[in-house]
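The chain is numbered in sequence order, starting from 1. Because the structure is a prediction, the values reported are computed rather than measured.
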Amino acid sequence: QLGHAVTAAINHNNDISLIGSVRSIYAVLGNPRVSGTRRVSDTIGPLNNNCWCKGIDANGDNSTFLLSYDGLYMIPAGDYTKLVKLSKNKIPVEMTGTNPAAGDVACIGFDNMWSGLYITINPNSGSDVNYFYHIPTDSYWPLALPITPQVYATFPAVQTAVRSSI
């Protein structure tokens with residue numbers, strides 16, 4: 001049984017799908033009737049369906065990345081039970097406190113060419129926030145985009161672990 005209302009789902013690998021809500025993540029292992037589900041986290045989850053993506057991590061593995069209310073996380077390719085916080089003590093203050101219930105919209109997308117994640121937040125109460133997280137150097141870089149909402153549609157449709165989403 002899953003906890004909170006489901007906001008997103010993504011395939012972690014060929015055998016595991018991840019189901020997320022704003023405050024939880026569950027793994028569906030193979031055939032759910034046989035293997036069932038396992039709780040990954042009961043406090044962290046993707047803000048919405050555009051707040052997680054697949055991408056190549058610093059070890060060259062195809063991991064799952066997600067943006068939560070608490071920052072940016074990675075679920076390693078080889079261990080669906082482990083959440084690695086990528087924003088510990090360094091997340092830009094503009095990226096904290098994103099709240100979908102208040103009308104904030106967020107999206108992340110992997111860019112294989114530059115080995116990183118585009119992070120866009122369109123808060124209901126202020127100016128757009130755009131950053132690029134560079135995976136090899138574990139650093140955030142501010143971006144100036146002409147208009148953030150038009151970027152949202154490009155991430156899910158064209159991103160893969162080997163093709164840029166921008």
Side-chain angles (χ1 to χ4, degrees), residues 7-20 22-27 38 40-41 43-98 100 104-123 127-166:
T7 59
I10 192 169
N11 287 333
H12 184 60
N13 60 34
N14 289 338
D15 299 320
I16 300 168
S17 294
L18 299 174
I19 308 297
V22 174
R23 302 270 182 176
S24 65
I25 299 173
Y26 285 81
R38 303 284 187 278
V40 176
S41 173
T43 57
I44 300 297
L47 291 171
N48 62 46
N49 63 322
N50 291 323
C51 283
W52 54 9
C53 66
K54 298 297 293 175
I56 305 299
D57 64 22
N59 297 323
D61 297 324
N62 189 9
S63 294
T64 302
F65 295 88
L66 69 112
L67 182 65
S68 77
Y69 72 92
D70 188 39
L72 190 63
Y73 286 82
M74 177 187 71
I75 302 173
D79 186 359
Y80 73 90
T81 64
K82 184 177 178 184
L83 278 167
V84 178
K85 190 168 188 177
L86 300 176
S87 53
K88 187 177 184 181
N89 299 324
K90 65 181 150 226
I91 187 168
V93 69
E94 302 93 344
M95 289 176 50
T96 59
T98 304
D104 297 346
V105 180
C107 183
I108 67 172
F110 179 74
D111 188 328
N112 189 57
M113 179 181 281
W114 299 107
S115 299
L117 300 167
Y118 289 97
I119 305 165
T120 64
I121 301 171
N122 184 1
S127 300
D128 296 346
V129 176
N130 305 291
Y131 276 89
F132 181 77
Y133 173 73
H134 190 236
I135 295 169
T137 59
D138 190 28
S139 59
Y140 289 88
W141 297 88
L143 295 174
L145 301 176
I147 182 167
T148 302
Q150 57 186 218
V151 176
Y152 294 149
T154 66
F155 287 154
V158 299
Q159 75 180 0
T160 67
V162 294
R163 185 174 61 201
S164 175
S165 57
I166 298 289

Check whether any side-chain heavy atom of [X] lies under 4.5 Å from a side-chain heavy atom of [Y], and answer yes or no.
X: T120; Y: Y131; result: no
X: L72; Y: L117; result: yes
X: I108; Y: F65; result: yes

*Is a donor on one side and an acceptor on the other found under 3.5 Å between the side chain of N48 and the backbone of A106?*
yes

*Is a donor on one side and an acceptor on the other found under 3.5 Å between the side chain of K54 and the backbone of H12?*
yes

*asked:* Test side-chain contact (heavy atoms from CB on, under 4.5 Å) on W141 and H134; report intermediate values, then the result.
replied: CA-CA 8 Å; W141 297 88; H134 190 236; 4.2 Å; yes

Please give me the minimum heavy-atom distance between [X] and [Y], naming the atom from each residue.
X: V40; Y: L18; result: CG2-CD2, 4.3 Å
X: Y140; Y: K90; result: CD1-O, 3.9 Å
X: G20; Y: W52; result: N-CH2, 3.7 Å
X: N49; Y: A8; result: CA-CB, 3.5 Å
X: F132; Y: D111; result: CE1-CB, 4.3 Å
X: N13; Y: D15; result: OD1-N, 2.8 Å

If you measure from [atom1] on [X] to [atom2] on [Y], what distance do you get to the nearest 0.5 Å?
X: I44; Y: I25; atom1: CD1; atom2: CD1; result: 8.0 Å
X: L67; Y: C53; atom1: CG; atom2: SG; result: 10.0 Å
X: I10; Y: T64; atom1: CD1; atom2: OG1; result: 5.0 Å
X: N130; Y: I119; atom1: CG; atom2: CD1; result: 10.0 Å
X: I75; Y: L66; atom1: CD1; atom2: CG; result: 5.5 Å
X: S115; Y: I56; atom1: OG; atom2: CD1; result: 8.5 Å

*Are more than 12 heavy atoms from other residues, nucleotides or ligands located less than 6.0 Å from atom CG of D79?*
yes

*Counting heavy atoms not belonging to K82, are there more than 12 under 6.0 Å from its NZ?*
no

Have [X] and [Y] got a donor and an acceptor in their side chains that come within less than 3.5 Å?
X: N11; Y: S17; answer: yes
X: Y133; Y: D138; answer: yes
X: D61; Y: S63; answer: no

*Step by step, would you call I135 with M74 a side-chain contact (heavy atoms from CB on, under 4.5 Å)?*
CA-CA 11 Å; I135 295 169; M74 177 187 71; over 6 Å; no

*Centre of Y69's six-membered ring, under 6.0 Å away, within 45 degrees of the axis: is that where NZ or CZ of R23 sits?*
yes

